[in-house]
Amino acid sequence: MAPSPEPKAPGLVDPQHPGTVTGYTAQPKDRVELVNRIKDTENALGDLLAELRNREDVDSRMLALGRTNLQQGFMWTVRSVFQPESRL
């Protein structure tokens, strides 16, 4: 089970409350936990990409393209779970 989130700073809103972000609705606990697992994986991969960025034998242009495409892939993966409404 994921650790409890850090307390919010004054003035910040909790994204789990319905209506906080246009197009998003309250999500059941199992979906939130699933998305948190996806985000944990994304962060771990981000750490690996940061290591690769420091290597001289890695093509930085290709790495940047890979990073951008991975960001997009994770975004779509999260959206597949939360299924926000969109008019586009």
* How about R53 and S60: do any of their side-chain heavy atoms sit closer than 4.5 Å? -> no
* Euclidean distance, T25 OG1 relative to E85 CD, rounded to 0.5 Å -> 7.0 Å
* Between CG on residue L63 and CZ on residue R55, distance to nearest 0.5 Å -> 11.5 Å
* Structure fact -> Value for CG (L49) from CG (N54), rounded to nearest 0.5 Å, stands at 11.5 Å
* Asked: Which distance, rounded to the nearest 0.5 Å, do you find between the OH of Y24 and the CZ of R79?
  -> 5.0 Å
* Nearest 0.5 Å please: distance from the OG1 atom of T22 over to the CZ atom of R87. => 9.0 Å
Show the atom names and distances, to 0.1 Å, of all donor-acceptor pairs under 3.5 Å that link a side chain in residues 70-78 to residues at least two apart or in another chain.
unit_1: T77; atom_1: OG1; unit_2: G73; atom_2: O; d: 2.7

* About how many Å separate CD of E33 and CG of N36, when rounded to the nearest 0.5 Å? -> 7.5 Å
Would you be so kind as to tabulate the donor-acceptor pairs closer than 3.5 Å made by side chains of residues 41-48, with sequence neighbours excluded?
unit_1: T41; atom_1: OG1; unit_2: R37; atom_2: O; d: 3.0
unit_1: E42; atom_1: OE1; unit_2: K39; atom_2: NZ; d: 2.8
unit_1: N43; atom_1: ND2; unit_2: K39; atom_2: O; d: 3.3

